[in-house]
Amino acid sequence: MSKANKLDPIFNPKGIAVIGASRDHNSVGYGILKNIIKGCVFENEYCKPFKGRVYAVNPNADEIQGISCYPKITDIKEDVDLALIAVPTQIVPAVMKDCVKKKVKAIIVISAGFAELGEKGKKLQDEIKDIAEKAKIPLMGPNCLGIIRSSANLNASFAPAMPPQGNVAFISQSGAIADSIIDWAIENNYKFSTIVSYGNRADLDVHDFIEYLEKDEETKAIALYIEGLKDGKKFMEIAKKVGKTKPIVVLKSGRTEKGIHAISSHTGSLAGSYEIYKAAFKQSNVTVADTIEELFDITKALAHQPPAKTNSIGIITNGGGCGVLAADYCSGIGIDIVELKASTIKKLDNTGKMHPAYSRNNPLDIIGDALPETYNAAIETLLMEDYISGIIVIQTLQTMTNPEEDANVTVELSKKYPEKPIVCVHMGGRFSKRGKHILETNGIPNYDDIKKAAIAMKALVERGKQK
């Protein structure tokens, strides 16, 4: 049986035990327990308490944060789906054996101090792996952040908050990166279905989580941060299969000799040539990102927009300079900025909405005084054309610009032509904020830089080729 078939107790547990729950406000055990019962340590509008049963395990306390404490997990009478372990490293094996006796369905070991510390730690990691494998209990970690699952009101981690709920899953070998991304997501309204930090992968590896998410209705696209792979062949096999229905984007660290050396002391991973990894990703139809920001920019586009059927893209802008930059960026990465046909220009002329000096070319410069009806005419005319497979819409802020209505126009036309991708660049700050929010809320990715939009469209073009 695939390990992915046994992961539901991690993603959707009904009963959770926190082993190592603590009264110390500065401890991991305190933070994990609070996250589960309150939803967050740093409270915000996305915090929601876990609705299932919660148990605290600590032999030195009767009660923590209003939750009754048990000396051992075996003292709990009710069933426990998921055990979260945050105790000193040396006693983790004994705690794991108690979990086996209790017949828990899954285990997450938060505790660090295993293979990332060298041979002694690796022996200890092998010991807990052996305990889990013999009992056929899926083990996540050790040395990991945990899991956040917004739809289940589950923050089984020591991340300080929950992000907005959406349809991008993030699987990260680094807990610290996941932590910071959550804070960024709250500020930028970037929405996640699931965040998984799997650490040293003693048992469960990235491909197991990818395979589980294949059938997850909450997830439309998967973002990965990885440092190494134990089983490259298995990863390629599963990524290629899952990627047929759900796009996968990866950021791989350890691209240089110094980076590879740093990995071994972080999660105890073995990392090989980056060029080999890139080739493997390409064969598996996995999109490669170059930075953390690019990872989520690309994933957002793939999660919300359809693939471009051909490499034939239109650009609409109310600023000529922005159109030139867009053409440069797109051409530089292989996007075809197709020449507008005479029949298309005639249709634009016949709308009666174009400025006499509009460019009559691609990029289509509709001039700085463009009103929402001008954007409407330009966007719809290009979307109607069979030879144009997607468009980039740029808006600069002029005195007559209406950011909200321009956004509403784009949203409505996206609904009318759902088979063609649209990505936007509503440039500016305070006065463009509401329009950007309208776009993002309705699944149209907006970027603060033209190059980012070009890279996102390139990913949609490549996705179309994979289809």
Side-chain angles (χ1 to χ4, degrees), residues 4 11 150-151 163 165-173 178 181 185 190-196 206-226 229 232 234-252 277-311 313 333-335 389-392 414 418-424 440 442-447 452-467:
F11 284 81
S150 297
S151 63
Q165 182 177 343
N167 52 26
V168 171
F170 180 36
I171 306 173
S172 176
Q173 199 163 355
I181 288 301
Y190 196 103
K191 301 173 182 179
F192 288 98
S193 60
T194 302
I195 295 178
V196 171
V206 59
H207 59 259
D208 297 307
F209 298 108
I210 292 172
E211 188 172 19
Y212 178 88
L213 291 168
E214 179 183 19
K215 297 178 182 177
D216 178 38
E217 294 182 0
E218 306 288 335
T219 298
K220 303 301 180 187
I222 302 168
L224 308 176
Y225 167 77
I226 66 171
L229 296 171
K234 190 70 173 176
F235 173 87
M236 291 175 66
E237 174 190 322
I238 291 175
K240 195 166 187 178
K241 174 173 71 83
V242 175
K244 290 178 180 178
T245 54
K246 296 187 179 181
I248 300 169
V249 187
V250 64
L251 175 62
K252 167 71 174 70
Y277 273 99
K278 282 204 299 185
F281 294 144
K282 185 175 182 179
Q283 290 178 44
S284 310
N285 291 332
V286 173
T287 302
V288 178
D290 193 50
T291 66
I292 291 175
E293 189 172 28
E294 192 174 288
L295 173 67
F296 293 107
D297 282 347
I298 293 173
T299 308
K300 176 171 67 172
L302 293 172
H304 294 288
Q305 289 295 300
K309 293 180 180 177
T310 65
N311 183 13
I313 303 302
I333 58 176
I335 295 176
S389 292
I391 58 171
I392 297 173
S414 178
E419 76 285 358
K420 294 188 177 183
I422 301 175
V423 299
C424 290
E440 294 281 355
N442 286 277
I444 299 175
N446 181 76
Y447 302 96
K452 294 179 184 179
I455 291 170
M457 184 58 79
K458 173 70 171 178
L460 291 164
V461 169
E462 292 300 319
R463 181 68 178 165
K465 291 178 182 178
Q466 292 171 9
K467 292 286 187 178

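- For the residue pair V242 and E211, the shortest heavy atom distance occurs at CG2-CA, 4.2 Å.
- Rounding to the nearest 0.5 angstrom, the gap separating the CD1 atom in I181 from the CG atom in L295 is 7.5 Å.
- Taking the charged nitrogens against the carboxylate oxygens, E419 and K309 have no contact shorter than 4.0 Å, which rules out a salt bridge.
- Note that the CG atom of D297 and the CG atom of D290 stand 12.0 Å from one another [nearest 0.5 Å].
- When all heavy atoms of A301 and P445 are compared, the closest pair comes out as CA-CG, 4.0 Å.
- For the pair E217 and K246, the tightest heavy-atom approach, listed with the atom from each and the gap, is N-NZ, 4.5 Å.
- To the nearest 0.5 angstrom, M457 atom CE is 8.5 Å from I422 atom CD1.
- No more than 12 heavy atoms of other residues, nucleotides or ligands shown are found within 6.0 angstrom of NZ on K244.
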> What do the steps show when you test L224 against F235 for side chain to side chain contact (heavy atoms under 4.5 Å, CB included), and what is the final call?
Replying inline: CA-CA 12 Å; L224 308 176; F235 173 87; 3.9 Å; yes
> What's the verdict on side chain to side chain contact (heavy atoms under 4.5 Å, CB included) for K452 and E293, showing C-alpha distance, side-chain angles and the deciding distance?
Replying inline: CA-CA 9 Å; K452 294 179 184 179; E293 189 172 28; 2.4 Å; yes
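- The shortest distance between side-chain heavy atoms of N442 and S414 does not fall below 4.5 Å.
- Nearest heavy-atom pair, Q165 versus E218, reported as atom, atom and distance to 0.1 Å: NE2-OE1, 3.8 Å.
- Across all their heavy atoms, L302 and A459 have their closest contact at CD2-O, 3.8 Å.
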> Does the side chain to side chain contact (heavy atoms under 4.5 Å, CB included) test come out yes or no for V250 and Y277, once each step is laid out?
Replying inline: CA-CA 11 Å; V250 64; Y277 273 99; over 6 Å; no
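- With hydrogens and angles disregarded, a donor-acceptor distance shorter than 3.5 Å links the side chain of N311 to the backbone of G334.
- Electrostatic pairing of E462 and K458 counts as a salt bridge here, judged by a charged N lying under 4.0 Å from a carboxylate O.
- Residue K282 holds its NZ atom at 11.5 Å from OG1 of T287, rounded to the nearest 0.5 Å.
- In terms of heavy atoms, T219 sits closest to S193 at OG1-OG, 2.8 Å.
- Aromatic ring orientation, F170 versus F296: perpendicular (interplanar angle above 60°, classes split at 30° and 60°).
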> Yes or no on side chain to side chain contact (heavy atoms under 4.5 Å, CB included) for N167 and H304, after CA distance, side-chain angles and deciding distance?
Replying inline: CA-CA 9 Å; N167 52 26; H304 294 288; 3.5 Å; yes
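- Here the side chains of I455 and Y447 are not in contact, with every heavy-atom distance at 4.5 Å or above.
- In this structure, K300 contributes its side chain and V168 its backbone to no donor-acceptor pair below 3.5 Å.
- Looking at heavy atoms from C-beta onward, L213 lies out of side-chain contact with V196 at the 4.5 angstrom threshold.
- One finds the NZ atom of K240 at 15.0 Å from the CD1 atom of I210 (value rounded to the nearest 0.5 Å).
- Salt bridge K191/E440: absent, no basic N to carboxylate O contact under 4.0 Å.
- Taking CD1 of I392 as the reference point, atom SG of C424 lies at 9.5 Å (rounded to 0.5 Å).
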